[in-house]
Amino acid sequence: MQGLMQDWPLLVSTVIDHARVNHPEREVVTRTCEGPIHRCTYADLHGRAKRCAKALRRLGVREGDVVATLAWNTHRHMEIWYGIMGLGAVCHTLNPRLFLEQLSYIANHAEDKCLFLDLTFVKLAEAMQAHCPTIKGYVIMTDRAHMPETTLANAICYEELLSAEDESFDWVVVDERSAAGLCYTSGTTGNPKGVVYSHRSNVLHALAVNTADMLGLRSVDSVMPIVPMFHANAWATVFSAPMVGAKLVMPGAKLDGASVHELLEAEAVTCTAAVPTVWLGLLQFLESDKTKRLDTLERVVVGGAACPRVVMEKFEDNYGVLVMHGWGMTEMSPMGTASRLKHGMDKLPREQQLGWKLKQGRAPYTVEMKITDDAGKELPRDGKTFGHLLVRGAAIAKGYYKGEGGHGPDATILDENGFFDTGDVATLDAEGFMQITDRAKDVIKSGGEWISSIEIENIAVGHPSVAEAAVIGLPHPKWDERPLLIVVKKKGVEVSKDELLAYLTGKIAKWWMPDDVVFVQEIPHTATGKIQKRDLREQFVAYAWPAA
Ligand code: AMP
């Protein structure tokens, strides 16, 4: 027997329609690239998204065409997303932190038809232009007064484009499984691969992110996504906030501690999300001026890289802000877990609670996880055994754009049970908490056992003189590999190898203790802000252990 319920299509346009009807006056506040703070409402944004869709159609964009953006988190970027997706076209977010060659490769691979860009990225787009023949038009996301001199062919002023249209546009009703978004993941081997989100996966993922043990946004929230829209959908906030009528605060291009703090306070932000480096910046800023407080902030989501203990402790103990550790990846839309305490855990001593909270967390409904050995055999959920982390769910990629990296006739990237190998190594426990040990390629194999580089790094950054720390495994004559701790010192402070090793003593197993510590000016990062371990291993290829 078939159910007799409506087939209400899970389209992204329904999200902004919902916000317009139910939360028309709720604000979207932006620190613009031009400088001033801009305020609009969901009703305004809805209207402008319709104008944008209408303008795109006039420019010749059709259902299924790929339209790229090179932009910060702003109201304009958001309305362009809804405009593109509402037209049935595919919104391709380009990551401006990538090198020119990678960006051009990606734009060509995706066959981008036109590009919307912020003022910040005019020079970058000009450099791309000669290499990207599929891009026929450039829209600069500003008003006439701020239009720059540019060599971009037929550059259009965004505000002029919009003002030439009205709001009478019917969203295109596509199949909910059709593509809505495209985001390339910078694989460490081979070329970047395109993850193609559908309307359905975006909506289901945003619903999952809005469950109470995840971000759990509500209409009373004011949410600031610092995590960029150009990398993994700003962790769904651009969908999950309008879905519930939460106020959105868009930080634009200024992500330093002072600018972030100013917006958090001025816009009464209750929930915010970013990678650990942003939070280290904010905490340093707060510590430099003890009069500064976090008056409205209730919860901070930390993900993209492991949350250092010091970040969690400082937010929670010094400022009374709850920290949620989250994990995910581009292929997962991106959120896969969040570390909220379960029933009864709130009664545990603080140290034990921290033990749970510092894990990457539990999966929401729509995400399944398991760990396996090299042969694919499932491993026990005992919180100790680690293995390859595999995932399956409603908003997880099954293949990459144009079949890259896949196998078989349908170029799948899944195993025979429909699971995707995340490339992470992790433990799972009986409570459902997952803890990342490492990326599979970064785990340090010493004497037949594995050492987690992440865990050592996170303890090391807790030392007051350490700005950043990375741990890599280097070949060792006796143990196969041993850990090397690489440290960037905070400005104006001194710390020695012995002091750092003493600091680690008692916090990690003896045999995890790095065999040496080296100090560097800078640690290399990927375009998505992660430590570039491959480059570090190359940098230290000729390194010799002190005792060897
Ligand atoms: P990306 O697809 O670029 O967002 O990168 C995803 C990868 O980032 C994951 O597979 C993890 O290796 C890493 N990652 C994300 N969140 C965390 C976290 N909370 N702790 C440790 N690693 C993380």
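Owing to the predicted nature of the structure, the values given are computational and were not obtained by experimental measurement. The figures that follow rest on heavy atoms only: side chains count, while hydrogens, waters and symmetry mates do not. All ligand and atom numbering here is 1-based and tracks the order in the structure.
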Self-check item: Identity and distance of the protein heavy atom lying nearest atom 4 (O) of ligand 1
Solution: His231 NE2, 3.1 Å

Quiz item: Quick one: nearest non-hydrogen protein atom to atom 12 (O) of ligand 1, plus distance?
Solution: Asp424 OD1, 2.6 Å

Self-check item: Numbering as shown, the atoms of ligand 1 that approach Met329 to under 4.0 Å (heavy-atom distance)
Solution: 2 (O), 4 (O), 6 (C), 10 (O)

Quiz item: In ligand 1, which numbered atoms sit nearer than 4.0 Å to a non-hydrogen atom of Thr330?
Solution: 1 (P), 2 (O), 3 (O), 4 (O)

Quiz item: Which protein heavy atom lies closest to atom 5 (O) of ligand 1, and at what distance to 0.1 Å?
Solution: Lys530 CE, 3.1 Å

Quiz item: What heavy-atom pair brings Met214 and Ala338 nearest, and what distance separates the two atoms?
Solution: SD-CB, 3.6 Å

Self-check item: Ring-ring centroid check Tyr184 His109, cutoff 6.0 Å
Solution: yes

Quiz item: Who's the nearest protein heavy-atom neighbour of atom 13 (C) of ligand 1, and how far?
Solution: Gly304 O, 3.7 Å

Self-check item: Test item: Tyr503 side-chain N/O and Gly462 main-chain N/O as donor-acceptor pair under 3.5 Å
Solution: yes

Quiz item: How far is atom 20 (N) of ligand 1 from its nearest protein heavy atom, and which residue and atom name does that atom have?
Solution: Gln360 NE2, 2.8 Å

Quiz item: Is a side-chain donor or acceptor of Asn417 paired with a backbone partner of Phe419 at a separation under 3.5 angstrom?
Solution: no

Quiz item: How far is atom 19 (N) of ligand 1 from its nearest protein heavy atom, and which residue and atom is that?
Solution: Gly326 O, 2.7 Å

